[in-house]
Number of protein chains: 2
Amino acid sequence: MVINQNHTLLDSVPRKTLSKEVADRIIQLLVSGNLKRGDKLPPEMELIKMLSVSRPVLREAMSSLESLGIIHRKTRDGTYFSEKIGSQPYFNMLSLVMDDLPTIIEARMALELGLIALAAEKITQNELEHLYQTIEAISKHPGNYSEIDKEFHRIIAFSVHNPVLDSMIDSLLVAFDQMSKNIEVRERNVAVEHHTAIYEALERRSPPEAFSKMYEHLDYVRKKILKESRKG
Amino acid sequence: MVINQNHTLLDSVPRKTLSKEVADRIIQLLVSGNLKRGDKLPPEMELIKMLSVSRPVLREAMSSLESLGIIHRKTRDGTYFSEKIGSQPYFNMLSLVMDDLPTIIEARMALELGLIALAAEKITQNELEHLYQTIEAISKHPGNYSEIDKEFHRIIAFSVHNPVLDSMIDSLLVAFDQMSKNIEVRERNVAVEHHTAIYEALERRSPPEAFSKMYEHLDYVRKKILKESRKG
DNA sequence: ATTTTATAATTGTAAGACAATTAGGATAAA
DNA sequence: TTTATCCTAATTGTCTTACAATTATAAAAT
């Protein structure tokens, strides 16, 4: 099953260029099961003949697909069907709102709040232990612990093992990181306290409780950062 | 501020093609404030001279940016900086997992759970009234009410007014719609009951309560749909 | 003033050519 | 036989040129 792009209200009369059509057809080739993840696509010259289009048109289509992370090309080797969904498209999109810290924070908050509910359902014992180690590391390790802090959130997010959510949160965490790296609001005690509460809720596998603890945490962080960023 | 794409672990030695570089430079042009949303970009020939690249290279870059929804081109008119963030990139990405209903449902669930928490903070009186009308419509209107049901969820999602989250949820709702349109699990009474509970929690502006009610609702729907889809 | 027409501007598509580098095979040497 | 080296072919990356198609604008005619 393939989504037809032409349902957006924006361009109600969508420009139907050859290269866009070619891109759609290639997506169909990939999704239809003819090719599996990681497979090599036919070389350009062959695709040209298959689709009977010119090389520039094909290359425009390929560029689009590559920027969407659907394929990737190795110079003088070939074109490959991407192994997993990447976050390239999101990064590009986010670069358009990189001046808007509140929007990024809010988006990250929403995503993490949704993720933790699912994490409470699915997180494994291993991941829980890994999570606990990060809390200990923060409380014991001297100096800057921002990397460990991030690790805590990443473990939770990726414990859901959902490729779509993975790429969404990945891009937001990076964007958030970029924008807030000059804002220092670390409070070790608060972090340990909050993280511990979240951890315990996950251990009890209670989505509502995990949500509440995460909400308190992120709400606190959000307010701190927005206050700091208004100062700076 | 612009995100550099080259941080992904996937292609640790990222292929640095001219067209990709050109795409980045154009993004910089847009983001740097020289151009505002909706503005027309210089024609291709001018950009070629500005960036001193060949036309195919420029066009490959433009194709990428267009597929990412950053710009859009009108034939024989010109290229424009997109007004708002679209959901094109997400649709393309989702087409790769369109065979995986559980993944889509889960992603939608996570996003909606995050969104409702923020909606409880921000939803306006107007939007609440609109929401209430959809509940009445479902209970009173005979026949298929799936469109009204979707409207309920859309109102909540878009009440947050976050462009990033908008595009994420938009694509997921469409994908979900496509995949589940053959699965009929409508139960009018349950829908009204659940929606009412959610509505009341939003009215009380309680994120945890709104979350809980939405979680119960989506959990119920999820189980129903997955059971149905396994049958079919 | 309005309509028609023509011109210019702009994007869309095609074809051909060369560069560059990698992979794999052929060849030579140990 | 094994290993190392070299060469050739395959493939992507880039450039140049050209033409098509259509729209917007300006000019001209009514």
Side-chain angles (χ1 to χ4, degrees), chain A residues 5-6 10-26 29-30 35 38-83 86 88, chain B residues 5-6 10-27 29-30 35 38-83 88:
Chain A
Q5 302 182 22
N6 303 340
L10 296 172
D11 43 353
S12 49
V13 183
R15 214 168 36 103
K16 194 184 166 188
T17 62
L18 238 188
S19 61
K20 197 173 266 183
E21 197 184 313
V22 167
D24 280 341
R25 289 187 62 184
I26 293 178
L29 271 186
L30 301 181
L35 278 85
D39 280 359
K40 188 192 271 194
L41 275 72
E44 293 185 350
M45 294 312 284
E46 228 168 285
L47 286 171
I48 288 173
K49 275 180 271 176
M50 282 173 57
L51 305 167
S52 49
V53 293
S54 70
R55 195 150 168 245
V57 167
L58 178 77
R59 285 187 60 79
E60 284 176 28
M62 296 292 241
S63 287
S64 293
L65 295 179
E66 188 171 35
S67 73
L68 292 169
I70 293 176
I71 62 173
H72 66 278
R73 299 190 272 188
K74 291 210 260 182
T75 311
R76 281 114 223 166
D77 178 1
T79 306
Y80 295 84
F81 187 4
S82 293
E83 288 284 354
Q88 281 101 327
Chain B
Q5 302 180 22
N6 304 338
L10 296 171
D11 43 352
S12 49
V13 183
R15 215 168 38 101
K16 195 183 164 190
T17 62
L18 239 188
S19 60
K20 199 174 263 182
E21 197 185 313
V22 167
D24 280 341
R25 289 187 62 185
I26 292 178
I27 288 184
L29 271 185
L30 300 181
L35 279 84
D39 280 359
K40 188 193 271 193
L41 274 72
E44 292 185 353
M45 294 312 283
E46 229 168 284
L47 286 172
I48 288 172
K49 276 180 269 177
M50 283 173 56
L51 305 168
S52 49
V53 293
S54 70
R55 194 149 168 247
V57 167
L58 178 77
R59 285 186 60 80
E60 283 178 28
M62 297 291 243
S63 286
S64 293
L65 295 180
E66 188 171 34
S67 73
L68 292 168
I70 293 176
I71 62 172
H72 65 277
R73 299 191 270 188
K74 292 210 260 181
T75 310
R76 282 114 221 165
D77 176 2
T79 306
Y80 294 85
F81 187 4
S82 292
E83 289 284 355
Q88 280 99 329

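Note that these values count all heavy atoms, side chains included, but never hydrogens, waters or copies made by symmetry. Chain identifiers are assigned alphabetically (A, B, ...) following the order of the sequence lines, protein sequences preceding nucleic acid strands; residue numbering begins at 1 within each chain.
The closest side-chain heavy-atom distance from L18(A) to E60(A) is not below 4.5 Å.
For the side chain to side chain contact (heavy atoms under 4.5 Å, CB included) test, residues two or more places apart in sequence or in another chain that qualify with S82(A) are H72(A).
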Show which side-chain atoms of residues 42-53 of chain A pair as donor or acceptor with protein atoms under 3.5 Å away, not counting sequence neighbours.
from: E44(A); atom 1: OE1; to: R55(A); atom 2: NE; distance (Å): 2.6
from: E44(A); atom 1: OE1; to: R55(A); atom 2: NH2; distance (Å): 2.9
from: E44(A); atom 1: OE2; to: R59(A); atom 2: NH1; distance (Å): 2.5

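The distance from atom CD of E60(B) to atom C1' of dT11(C) is 16 Å, rounded to the nearest whole Å. Atom C1' of nucleotide dT10(C) and atom CD of E46(B) are separated by 12 Å, given to the nearest angstrom. When the P atom of dT11(D) is taken as reference, atom CE of M62(A) falls 12 Å away, rounded to whole Å. The distance between atom CD1 of I48(B) and atom C1' of dT10(C), rounded to the nearest whole Å, is 11 Å. Look at CG on L47(A): it is 12 Å from C1' on dT11(D), rounded to the nearest Å. Between the CZ atom of R73(B) and the C1' atom of dT22(D) there is a distance of 16 Å, rounded to whole Å. Rounding to whole angstrom units, CD of residue E44(B) and P of dT16(D) are separated by 15 Å. As rounded to whole Å, 11 Å separates atom P of dC15(D) from atom CZ of R59(A).
Minimum interatomic distance between L41(B) and Y80(B) (heavy atoms only, all atoms of both residues): CD1-C, 3.8 Å.
In this structure, L35(A) CG and I26(A) CD1 are separated by 11.0 Å, a value rounded to the nearest 0.5 Å.
In terms of modelled atom types and a separation under 3.5 Å, the side chain of S64(B) and the main chain of S63(A) share a donor-acceptor contact.
Ranking dT14(D), dT12(D), dT10(C) by closeness to the P43(A) side chain, first place goes to dT12(D).
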- Could you write nucleotides 14-22 of chain C as a row of B, S and -, 5' to 3', where a protein heavy atom under 4.0 Å of any base atom gives B, of only sugar-phosphate atoms gives S, and otherwise -? BB-B--BBS
